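The structure under discussion is supplied below as structure tokens; questions concerning it will follow.
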Amino acid sequence: MTNKGFSLQDALFIGFCATLLVALKGMLRLKLGLTGHSMFLMSFFYLICYGAVGKKGAITVCGLLAGLIAMMLSVGKGGPFILVKFALPAVAMDLCLFVLPTVLALKWRCIILAVVATFAWASKGFIEDLLVGLSIQVALFQLGKSVLFGSGFAILGALLVPPVLGRLRSHDLIDNKER
């Protein structure tokens, strides 16, 4: 009989990633004036969660949990929509994992997943812009700017994941198999 769910260790690590993401985001309320800088932490912690747990759905659970924690602690702006801000990129990453071949090197999988998450994150802003009445040209410009800058930050976060996972494996903190 095989267990397809998350083990206690997996659940604890998912909760750790979600909590640390929200805590760092809350503590480092950096007003950099750069679009997309929040994608750095988001892509880093979601991909660490994916690499350590290695089960499909782990990123979505981490994103939903992070959104709920952020909503309860009033981290960020947007009220209940903060849940969508955290969950939408996570769901997009998990959906991409269904079609992404596992023969790709971990670094390339992380980069692709980070870019996919950025598109999902930016699409939320695009829909908000249209709902508040911005013209389609301005909304598309904002979407392009969000995707460009957000992808840069997300890729930086994704490039940090393979060395961190390597360190965790070398100290036997996670399984030694490559995911």
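Along the sequence shown, residues are numbered consecutively beginning with 1. Please read these numbers as outputs of a predicted model, since none were measured by experiment.
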### Query
Roughly how far apart are L20 CG and I69 CD1, rounded to 0.5 Å?
10.5 Å
## Note on the structure
Here the pair of heavy atoms bringing V84 nearest to P89 is O-CD, 4.1 Å
### Query
About how many Å separate CD of Q9 and CD1 of I174, when rounded to the nearest 0.5 Å?
9.5 Å
### Message
When you group the ILVMFWY residues by side-chain heavy-atom contacts below 4.5 Å and let the links chain together, are L100 and F119 in the same group?
### Response
no
### Task
Name all residues meeting the side-chain contact (heavy atoms from CB on, under 4.5 Å) criterion together with F126; count only those two or more places apart in sequence or in a different chain, and write none if there are none.
L130, I136, A139, L140, L143
### Task
Keeping the roles fixed (side chain from S43, backbone from A154), state whether a donor-acceptor pair exists under 3.5 Å.
yes
### Task
To the nearest 0.5 angstrom, please state how far the OG1 atom of T118 sits from the CD1 atom of I155.
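Output value for this atom pair is 7.5 Å.
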### Query
At their closest point, which heavy atom of K85 faces which heavy atom of S38, and how far apart are they?
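Heavy atoms of K85 and S38 come nearest at CE-OG, 4.4 Å.
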### Message
Would you compute the distance between atom CZ of F44 and atom CG of L156 and round it to the nearest 0.5 angstrom?
### Response
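Here the rounded value is 12.5 Å.
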### Query
Considering only heavy atoms from C-beta outward, does the side chain of F86 approach that of Y46 to under 4.5 Å?
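F86 reaches Y46 side chain to side chain.
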### Message
Strictly below 4.0 Å, N to O, side chains only: are K56 and D94 in salt-bridge contact?
### Response
no
#### Entry: Rounded distance [0.5 Å steps], CE in M93 versus SG in C62
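Going from the CE atom of M93 to the SG atom of C62 covers 10.0 Å.
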### Distance, nearest 0.5 Å, that separates CG of L41 from CG of L24
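Here the interatomic distance stands at 6.0 Å.
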